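Right, one structure below, let's go through it.
Lettering follows sequence order; numbering is per chain, from 1. What you are looking at is a predicted structure, and each value in this text was computed from that prediction instead of being measured. Note: hydrogens, waters and symmetry copies are ignored here, and every other heavy atom, side chains too, is used.
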Amino acid sequence: MYVKFPLSEDSVEAKAFKRELLGDEDDPRKVYFLIWTTTPWTLPANLGIAVNPQFEYAAVEAGGEVYVVAGELVETVAAKLSLNEPHIVARFPGSRLDLLEARHAWLDRPSLLMLGDHVTLGGEADAETELDVSEARDRRATGKAGTGLVHTAPGHGHDDFVIGKTYGLDIYCPVDNAGRFTAEVEHFAGEGVFEANPHIVAFLRERGVLLFDEPYAHRYPHCWRCKNPVIFRATPQWFISLDAAARDAVEVERDEDGRDLTNYTDNEEAAPESLRAMALREIKNVEWVPAWGEERMRNMQKGRPDWCVSRQRVWGVPIPVFYCSACGEAVADRATINHVADIFERETTDAWYSRPASSLLPEGFKCPKCGSSEFTKETDILDVWFDSGASSVAVLESERYEGLRWPADVYLEGGDQFRGWFNSSLMVGLAAHDRAPYRTVVTHGWTLDAQGRAMHKSAGNAVAPEEFVKDSGADILRLWVVSSDFKEDMRCSDEILQRVSETYRKIRNTVRFALGNLDGFDPATDAVGLNEMQEIDRWALAELDVVITRVLEAYRTYEYHAVYHALYNFCTVTLSARYFDIIKDRLYTSAPKSHARRSAQTALNYIADALARMLAPILVFTADEIWENLPGVKGRRGGADAGAADEGGAVTASVHLAEFPVAGVGHDARLRERWVRLFEAREVVLRALEEARTSKLIGSGLEARVRIAAKRKTYELLEHYREELRYVFIVSQVSLTLLEEADAEELRVRVERADGRKCERCWNYSVRVGEFTRYPAVCERCVEALGEIEAEGGEAE
RNA sequence: CGGCGCGUAGCUCAUGGCAGGCGAGAGCGCUCGGCUGAUAACCGAGAGGCAGGAGGUUCGACCCCUCCCGCGCCGACCA
């Protein structure tokens, strides 16, 4: 709607202005300021009109009246209003209008002309509409609505409020809590604002001040919950000042009950600081993970407005303020607040609602200003952020929990909580103890879908954790969490969870292999000392040691995805593809109680034990399942190095009562270096075997005899392990020769069919199969193993 | 628009962050093959990335600077 506000012609300034426009201050034609608005109900609260000082405005004469509108909008406005032969009588910059006075369109009240950069030519300049910038630009290019003069009601919108404050206008808001006009609003008192809209339009039309109205679609803010349109009202609120220094020194809690004194400040004498100053100081002392959190928090505190802590809700923690019924004085001093606090401690905050003001105040309390003893209670409640911000004090200093202390070691939440919980906790912590309530703050990123977009139920791309847990279990969901770098945004989708499920199965299967091969192994009697173990078993433990070191460090620094990758890589490469594959021969064919087999089992037991401990925080259930199946836990009590026992040898009932494995046990850097080179050679052999397989020379690697020629350096290494090589490469025979230094290759591998026949017991090929009358289908190694089994009274297959 | 962050193979991550240096790595997945005593398993080989894009600094940049593009969080009486 377009409404005209007449110029107040009485003032000297107005006369001068009219003379400029029409040449004569006594010209009978009246001058009007033309405003446009989509919210008729805010007009009763109009106290001003804003124009943009940068724009050019024009005075348009039509039908004996003169209208002021933005120069660029003259044509569109004239067309829309069907003005009778409009013509421009003057042009002037917006700044010319500053501080002129109009009369309200129908009320006996001035409306002040003001300058504001928020005024646009696109319409929808009203603060109420919250149009975003790009959309506003589009709108400006297409349909124009508006006059370049913005009706301003400081009580009904942010921009209006701000400019109203600048010009010293009242913050006038004649709408009550129920959304109805108050009694002072002529003609419309008691009407709900939305119901009043058409009445106001009709009323203005009758008065002849409405020049045009039409239906107009535009954005308008709605309640996020009930979806109804909301209205803006400026209302009195309680704030906590961030810049005012405390008038009194903070009361310092003394260390009465043995709590760490450093938790509390004792700077009673120090000059009072503002909350903001304290916050900026404390932010430096907190460890932020990731580190950029410090800068984010600091920037936020720098530009933060005072904390509005009052909320108009019927539930919550009341603000313990009283108002004098006689003089209106707000009462909230230490004595009254402590009095209320004492009552709350006994009766909970419900007392605020159940007791009258008189019984919430100290006996005989009188208004410090007027001496009256009649008071009313504040009805606003505290911002719930204040509640959560107080959690550190409420929980950590509660006597209901043992072993807790303030401040907290760690706060962990999503990055959205910088402005939320991290902030409110900091404020309350500072108020209570002058210190940050946390030593470390860890933040995680957002969960996004496969395309990296935020999950929304409405977009249908959300993964419901509870659904997934129901199908696949919490262990796998936790494994997903840990597989991602939680400090950044994390992606989650069916495919990703599918992958994680597969890695879970791999880990579980790997440990199951170890446990399966520990059947009958009793760490107390069967374990082999580290120095007596076969070298590859010690190699496995040396690799495990590296993993332990890496995992413990990663846990310590919140690099959980590094934990995941280290453990998973260990399971797939070190164990499954290498160690397990190589020792299968020994586990399956050596005599059950042979030293060779027990050597491998000792390593397996240690590995399974360590994996259970390291996996425990992630695969909570699976780790316990592993734990229960460790031979040291199953029934018996383990030895010191037998695993499944904590330091001191005590077997714990649950892995979650056990410590992380200790680094350094299997440490052997030189051994690992040798085996790095051995495995490099193994890769060359494996490639050669693959070629032989492709050409149908062999199928299984055990069908092969490998002829290796190596230059001096490699030769010497391999020579040292000559008898081990067939097991490391998993072939039946290996021969080794020296390669000329002039040769191009460091290592040359030829694959042939293995000599002899396949041993039906161990599947290796041997020229000696058939030599042994007692076991004609078996090789020399198996004959020996079978002999041992028989000697132990066991049953040889 | 303002504050902060992210963008390396199909996927999850290394390397790279104020110590820039030869042809950017791993595992999974995929393709092909082997094994059949971890079998709703296991082993191997292979293909696969111009490090979001464009400039700049430099003898030399994934790594430093600028701009652009894409994405996320915050700027809400939602916790």
Side-chain angles (χ1 to χ4, degrees), chain A residues 130 132-134 221 223-225 230 235 237 290-300 302-305 308-313 316 380-381 383-385 387-388 413-421 423 443-455 480 482-485 487-491 493 495-500 502-503 505-506 508-517 559 561-562 564-566 568-573 575-578 580-582 584-585 587-589 683 685-694 696 698-703 730 761-763:
Chain A
E130 282 195 349
D132 71 40
V133 175
S134 60
C223 170
W224 65 275
R225 186 159 188 175
V230 299
T235 53
Q237 303 291 339
W292 50 256
E294 179 178 345
E295 194 181 347
R296 181 169 179 178
M297 197 64 169
R298 188 182 306 115
N299 285 339
M300 213 189 73
K302 279 183 187 165
R304 190 162 198 273
C308 177
V309 291
S310 51
R311 296 293 127 92
Q312 292 69 54
R313 293 271 166 122
D380 284 3
I381 62 151
D383 179 5
V384 289
W385 278 117
D387 299 27
S388 61
E413 254 288 7
D416 57 332
Q417 295 302 325
F418 277 96
R419 191 163 287 270
W421 192 41
N423 174 65
T443 52
H444 65 251
W446 224 243
T447 305
L448 312 175
D449 69 10
Q451 280 71 46
R453 296 181 187 281
M455 288 188 175
W480 165 76
V482 156
S483 73
S484 319
D485 183 353
K487 294 190 285 319
E488 295 175 11
D489 290 343
M490 298 158 284
R491 297 189 178 202
S493 65
E495 191 209 342
I496 290 169
L497 289 170
Q498 177 66 30
R499 287 290 144 67
V500 174
E502 285 162 13
T503 68
R505 285 214 304 274
K506 180 70 183 182
R508 191 172 194 282
N509 214 254
T510 303
V511 180
R512 217 174 56 153
F513 175 86
L515 292 174
N517 285 98
E559 302 280 326
H561 61 293
Y564 166 85
H565 282 282
Y568 184 59
N569 205 57
F570 181 67
C571 285
T572 53
V573 180
L575 295 182
S576 189
R578 292 181 177 172
F580 288 179
D581 218 28
I582 291 167
K584 272 179 196 170
D585 179 82
L587 290 169
Y588 298 156
T589 66
E683 282 192 33
V685 172
L686 256 29
R687 266 196 297 276
L689 288 172
E690 194 60 27
E691 279 177 35
R693 210 167 271 137
T694 305
K696 304 292 182 194
I698 59 164
S700 162
L702 290 176
E703 292 168 29
I730 317 180
R761 183 167 178 275
C762 72
W763 302 345

Please identify each residue that fulfils ring-ring contact (aromatic ring centres under 6.0 Å, His included) with Phe570(A), with sequence neighbours left out. none
Taking atom C1' in both U15(B) and A9(B), compute the distance separating them and give it to the nearest angstrom. 14 Å
Any N or O donor-acceptor pair linking the side chain of Arg491(A) to the base of C11(B) at under 3.5 Å? no
Please work out whether the ring planes of Tyr588(A) and Phe513(A) are parallel, tilted or perpendicular, with thresholds of 30° and 60°. perpendicular
Among the candidates C73(B), A38(B), G27(B), find the nucleotide nearest to the side-chain atoms of Tyr588(A). A38(B)
Determine the Euclidean distance between corresponding P atoms of A61(B) and C69(B); express it in Å to zero decimal places. 26 Å
Looking only at atom P, what distance separates A54(B) and A14(B), rounded to whole Å? 25 Å
Any idea which of G72(B), U12(B), C74(B) is nearest the Ile496(A) side chain? U12(B)
Separation of the C1' atoms in G10(B) and G56(B), to the nearest angstrom: 34 Å
Base, sugar-phosphate or nothing for Lys506(A)? Non-hydrogen atoms, less than 4.0 Å. sugar-phosphate
Heavy atoms only, 4.0 Å cut-off, all strands: where does Gly516(A) land among base, sugar-phosphate and nothing? nothing
Atom C1', compared across G23(B) and C50(B): separation rounded to whole Å: 14 Å
Tell me which nucleotide among C4(B), A26(B), C77(B) gets nearest to the side chain of Asn569(A). A26(B)
If we take the P atom in both U31(B) and G5(B), what is their distance in whole Å? 41 Å
Specify the separation, in whole Å, of atom CG of Asp416(A) and atom P of G5(B). 17 Å
When we call it a touch if two heavy atoms are under 4.0 Å apart, what does Tyr568(A) touch: a base, just sugar-phosphate, or nothing? sugar-phosphate
Just to be sure I understand the rule, does Val573(A) reach a base, reach only the sugar-phosphate, or reach nothing, if contact means heavy atoms closer than 4.0 Å? sugar-phosphate
How does RNA chain B read in dot-bracket, base by base from 5' to 3', with Watson-Crick or G-U pairs under 3.5 Å and | used when the partner is on another strand? (((((((..((((.......[...)))).(((((.......))))).....(((((..]....))))))))))))....
Looking at every strand, decide which applies to Asn299(A) at a 4.0 Å heavy-atom threshold: base, sugar-phosphate, or nothing. sugar-phosphate
Working to the nearest 0.5 Å, report the span between CG of Leu575(A) and OG1 of Thr510(A). 6.5 Å
Would you give the length of the straight line joining atom CG of Leu686(A) to atom CZ of Arg693(A), rounded to the nearest 0.5 angstrom? 7.5 Å
Parallel, tilted or perpendicular: ring planes of Tyr564(A) versus Tyr568(A), cut at 30 and 60 degrees: parallel
For Ser493(A), side-chain contact (heavy atoms from CB on, under 4.5 Å) partners two or more places apart: Ala450(A), Glu495(A), Ile496(A)
Quick one: the side chain of Ser576(A) and the base of A38(B), do they pair up donor-acceptor inside 3.5 Å? yes
At under 4.0 Å between heavy atoms, what does Trp385(A) touch on the DNA or RNA strands: base, sugar-phosphate, or nothing? base
Rounded P spacing from A19(B) to U12(B) in Å: 29 Å
Taking CG from Asn517(A) and C1' from C42(B), how many angstroms apart are they, rounded to a whole number? 13 Å
Please give, in whole Å, the distance from G37(B) P to Asn509(A) CG? 16 Å
Check every strand shown and say whether Thr503(A) touches a base, only sugar-phosphate, or nothing at a heavy-atom separation below 4.0 Å. nothing
Anti or syn, where syn is a glycosidic angle within 90° of 0; which label fits A14(B)? anti
Nearest-neighbour nucleotide for the Arg313(A) side chain, U36(B), C77(B), C28(B) considered: C77(B)
Say you pick atom C1' in U8(B) and the same atom in C4(B); how far apart are they, in whole Å? 22 Å
Ion pair present between Lys584(A) and Asp581(A), side-chain N to carboxylate O less than 4.0 angstrom? yes
How many angstroms lie between atom CD of Gln417(A) and atom CG of Asn423(A), to the nearest 0.5 angstrom? 10.0 Å
Considering only heavy side-chain atoms of Trp446(A), the closest of U12(B), G72(B), G10(B) is G72(B)
Partners passing ring-ring contact (aromatic ring centres under 6.0 Å, His included) against Trp421(A) (at least two apart in sequence or in another chain): Tyr411(A)
If you restrict it to nitrogen or oxygen atoms, what contacts under 3.5 Å exist between nucleotides 44-47 of chain B and the protein, and what is each distance?
| unit_1 | atom_1 | unit_2 | atom_2 | d |
| --- | --- | --- | --- | --- |
| G44(B) | O2' | Glu690(A) | OE1 | 2.9 |
| G44(B) | N2 | Glu690(A) | OE2 | 3.3 |

Out of G72(B), U12(B), C74(B), whichever nucleotide has its closest atom nearest the side chain of Asp489(A): G72(B)
May I ask you to say what Thr694(A) touches in the nucleic acid, namely base, sugar-phosphate or nothing, with a heavy-atom cut-off under 4.0 Å? nothing
Need one value for Ser493(A): base, sugar-phosphate or nothing, where a base atom within 4.0 Å counts as base even if backbone is also close, heavy atoms only. nothing
Check every strand shown and say whether His561(A) touches a base, only sugar-phosphate, or nothing at a heavy-atom separation below 4.0 Å. sugar-phosphate
Base, sugar-phosphate alone, or nothing: which one does Arg419(A) contact when heavy atoms must sit under 4.0 Å apart? sugar-phosphate
Regarding the side chain of Arg453(A), the nearest nucleotide among C73(B), C71(B), A38(B) is C71(B)
Set of side-chain hydrogen bond (donor to acceptor under 3.5 Å, both in side chains) partners for Gln237(A), sequence neighbours left out: Thr235(A), Ser310(A), Gln312(A)
CD1 of Ile730(A) versus C1' of A38(B): gap in Å, rounded? 14 Å
I need the single residue from Glu488(A), Glu413(A), Lys487(A) that forms a side-chain contact (heavy atoms from CB on, under 4.5 Å) with His444(A). Which is it? Glu413(A)
Note: Glu294(A)-Arg298(A) ion pair, threshold 4.0 Å (strictly below): yes
Mind calculating the distance between CD (Gln451(A)) and P (G52(B)) to the nearest angstrom? 19 Å
Whole Å only: how far is the CD atom of Glu703(A) from the C1' atom of G33(B)? 14 Å
Base, sugar-phosphate or nothing for Glu488(A)? Non-hydrogen atoms, less than 4.0 Å. sugar-phosphate
Ionic contact status for Glu690(A) with Arg687(A), cut-off 4.0 Å: no
Rounding to an integer number of Å, can you tell me how far Asn423(A) CG sits from G3(B) P? 19 Å
Proximity to the side chain of Asp485(A) - top-ranked nucleotide from A14(B), C4(B), G27(B): A14(B)
Arg499(A) CZ to C11(B) P, in whole Å, measures 9 Å
Which part of the nucleic acid, if any, lies within contact of Trp763(A), taking any heavy atom under 4.0 Å across all strands shown: a base, the sugar-phosphate backbone alone, or nothing? base
Of the candidates C42(B), G27(B), G5(B), the side chain of Trp292(A) sits closest to G5(B)
